[in-house]
Every structure is written in C-alpha cells, then in structure tokens.
K.L.:
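My structure is below; once you've seen it, I'll send some questions.
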Amino acid sequence: AGMKTRMGQDWRPNKGLSTELLLKLLENTESRIEGAPSVRELDRWITFHAYSVLAYTLSLRGGEAFFLDLAGLNQHWDEERPHLIVTLQGKVKGESQERNHLLPCVHVTSSGIHVKVSVQRLITWKKKKGFTDGPAICDLQGRVLGGRDIDGCLHEVLLDLFESHR
C-alpha cells in the first residue's frame, strides 16, 4: 500500500510492434541513414537499424540484442552460406552461464526485412571505424549502448511516423 501511494498506479507496459509498423520504422530509419548530417548520427542510425532487425527477427528479449558480438559476426560471415550466423555473447534466454551463441537467421524474411543487408552494413561501418571485436551495438567509442539509447531512437522514429501518418 505504501509503495502504491509513493509510486502511483500508472502502469503502461511496452507492446509489440506489428510487422507493418516495423517495416515503416525500418524504412524511416533507412532515410535517416541516407540523410545523416554527421558521423555520430550515421553511427546511431546504422546501429539502431541492425538492433531493430535482429531483435525482431530473432525474437530477442530484453537486453539480449546488446550481446551481439562483432568478432563472432566477422568470424562466421560467409557470403556463400544461404543463411547468416548471428553471434551473441553472454547469458541468453534464461541461462545460468555466459557463453557464445550462434543463431542461424535468414537473409530476407517473408515480410521483406533484409537482415543480411542490415548486418553487413553494421559490420562494414564498425570495421571502418576500427572495431572488429567487442560489442556490435555500441557508440563511436566502443561502449555498449543501453536501453535508453535504443528507446530514444525508437521513440524518435515512432513520433515521426505518427506525425506523418495520422
């Protein structure tokens, strides 16, 4: 009762995105990548795009997409393979020990999400900035991004979509 008095009763859980909304979100993010005014913004939107694509297509929960590992992506990258190998490093899906996880993923989903293009752009961009190892979902200094960083990007794009498609 005391906690309810102090915190109030405002409870708004996050909700899932429909595939249609996700496709619009990715399209909007692509336009932000093309029109990025600075290196920092370009890094932000390339990273957000890859995060969104992988979190959605691999059904990653919570912070699992932050475990995306650059060294593993580079090591398992194969143009000839009919699927991607996405590498996560850490405790995933309720496990008790930290380890590497190799997750197979299609190049393009049936709904038209180009996973390979997004991941390849992220790998190429990070390599250009001098990162071939460590977290893939990171800033220009190589520090892992947090949920607030991704939420900020997500809300920015969703607000833009809401304004343009009332």
Side-chain angles (χ1 to χ4, degrees), residues 14 17 22-109 111-160:
N14 290 334
L17 297 176
L22 179 71
L23 290 171
K24 289 191 181 308
L25 178 133
L26 294 175
E27 183 181 313
N28 184 290
T29 305
E30 285 288 348
S31 67
R32 290 171 185 267
I33 290 169
E34 291 170 13
S38 68
V39 171
R40 183 183 164 282
E41 284 296 302
L42 184 58
D43 181 71
R44 180 179 182 222
W45 293 114
I46 287 173
T47 304
F48 173 73
H49 192 278
Y51 175 93
S52 301
V53 165
L54 290 172
Y56 185 82
T57 57
L58 296 174
S59 299
L60 299 175
R61 302 178 301 189
E64 291 175 348
F66 294 109
F67 297 149
L68 190 61
D69 182 52
L70 271 177
L73 288 173
N74 285 313
Q75 178 185 350
H76 295 286
W77 190 261
D78 184 357
E79 290 289 335
E80 304 301 318
R81 190 180 293 136
H83 59 277
L84 299 173
I85 299 294
V86 176
T87 308
L88 303 179
Q89 188 174 43
K91 294 179 185 179
V92 180
K93 305 273 184 207
E95 292 182 344
S96 59
Q97 294 181 342
E98 189 171 306
R99 64 184 190 150
N100 290 334
H101 297 270
L102 304 178
L103 305 173
C105 186
V106 297
H107 287 190
V108 181
T109 67
S111 56
I113 299 171
H114 294 269
V115 182
K116 181 181 179 182
V117 170
S118 183
V119 172
Q120 188 169 30
R121 177 173 49 207
L122 178 71
I123 291 170
T124 303
W125 172 253
K126 295 297 181 180
K127 199 175 286 185
K128 183 178 177 183
K129 292 294 155 197
F131 299 107
T132 56
D133 192 6
I137 307 301
C138 66
D139 61 15
L140 286 170
Q141 285 72 45
R143 292 183 301 250
V144 131
L145 294 178
R148 284 186 178 202
D149 301 308
I150 296 298
D151 278 349
C153 292
L154 177 64
H155 288 134
E156 196 174 321
V157 172
L158 289 176
L159 286 171
D160 189 36

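Each residue takes its place number in the sequence, starting with 1.
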K.L.:
Just jot down the side chain to side chain contact (heavy atoms under 4.5 Å, CB included) partners of Thr124, sequence neighbours excluded, or say none.
P.N.:
Gln120
K.L.:
State, to 0.1 Å, how close Leu73 and Ile85 come at their nearest heavy-atom pair, and which atoms those are.
P.N.:
CD2-O, 4.0 Å
K.L.:
With a sphere of 6.0 Å drawn around CZ of Arg81, does it hold more than 12 non-hydrogen atoms of other residues, nucleotides or ligands?
P.N.:
yes
K.L.:
Under 3.5 Å, side chain of Glu41 to main-chain N/O of Ser38, donor-acceptor pair present?
P.N.:
no
K.L.:
Does Ile33 reach the side chain of Leu42, with side-chain heavy atoms less than 4.5 Å apart?
P.N.:
yes
K.L.:
Less than 4.5 Å apart, any side-chain heavy atom of Val86 and any of Thr57?
P.N.:
no
K.L.:
What's the separation between atom CG in Leu54 and atom CZ in Phe66, rounded to the nearest 0.5 Å?
P.N.:
12.0 Å
K.L.:
One thing to verify: whether Lys24 and Glu27 come together as a salt bridge, which I'm taking to mean a side-chain N less than 4.0 angstrom from a carboxylate O.
P.N.:
no
K.L.:
If we ignore hydrogens and angles and just use 3.5 Å, is the side chain of Asn28 paired with the main-chain N or O of Leu25 as donor and acceptor?
P.N.:
no
K.L.:
What distance separates Phe48 CZ from Thr29 OG1, expressed to the nearest 0.5 Å?
P.N.:
5.0 Å
K.L.:
Are Val119 and Trp77 side-chain neighbours, meaning at least one heavy-atom pair lies under 4.5 Å?
P.N.:
yes
K.L.:
Measure the CG-CG distance between Leu88 and Asp69 for me, rounded to the nearest 0.5 Å.
P.N.:
8.5 Å
K.L.:
Got a second to check how far Ile113's CD1 is from Leu26's CG, nearest 0.5 Å?
P.N.:
6.0 Å
K.L.:
Is it true that, when you exclude Glu79 itself, more than 12 heavy atoms of the residues, nucleotides or ligands shown sit nearer than 6.0 Å to its CD?
P.N.:
yes
K.L.:
Closest approach of Ser111 and Leu23, non-hydrogen atoms and distance?
P.N.:
O-CD1, 3.5 Å
K.L.:
Measuring from atom CH2 of Trp45 to atom CD of Glu156, what distance do you get when rounded to the nearest 0.5 angstrom?
P.N.:
4.0 Å
K.L.:
What are the two closest heavy atoms between Asn74 and Ile123, and how far apart are they?
P.N.:
OD1-CG2, 3.0 Å
K.L.:
Identify the heavy atoms of Tyr51 and Ile150 that sit nearest to each other, and give their distance.
P.N.:
CE2-CG2, 3.4 Å
K.L.:
Closest heavy-atom contact between His49 and Ser118?
P.N.:
ND1-OG, 2.8 Å
K.L.:
Does some side-chain heavy atom of Val144 sit less than 4.5 Å from a side-chain heavy atom of Ile137?
P.N.:
no
K.L.:
Hey, are the side chains of Leu58 and Glu64 touching, using non-hydrogen atoms and a 4.5 Å cut-off?
P.N.:
no
K.L.:
Grab the two heavy atoms, one from Pro82 and one from His107, that are nearest each other, plus how far apart they are.
P.N.:
C-NE2, 3.6 Å
K.L.:
Run the side chain to side chain contact (heavy atoms under 4.5 Å, CB included) test on Val39 and Trp125 for me, step by step, so that the C-alpha distance in whole Å, both residues' side-chain angles and the decisive distance to 0.1 Å come before the verdict.
P.N.:
CA-CA 10 Å; Val39 171; Trp125 172 253; 3.9 Å; yes
K.L.:
Return all side-chain donor-acceptor pairs below 3.5 angstrom for residues 126-135, not counting sequence neighbours, or 'none' if the list is empty.
P.N.:
unit_1	atom_1	unit_2	atom_2	d
Lys126	NZ	Asp43	OD1	3.0
Lys126	NZ	Thr47	OG1	3.4
Lys126	NZ	Cys138	O	2.8

K.L.:
Counting C-beta onward and ignoring hydrogens, is there a side-chain heavy-atom pair between Gln75 and Thr87 closer than 4.5 Å?
P.N.:
no
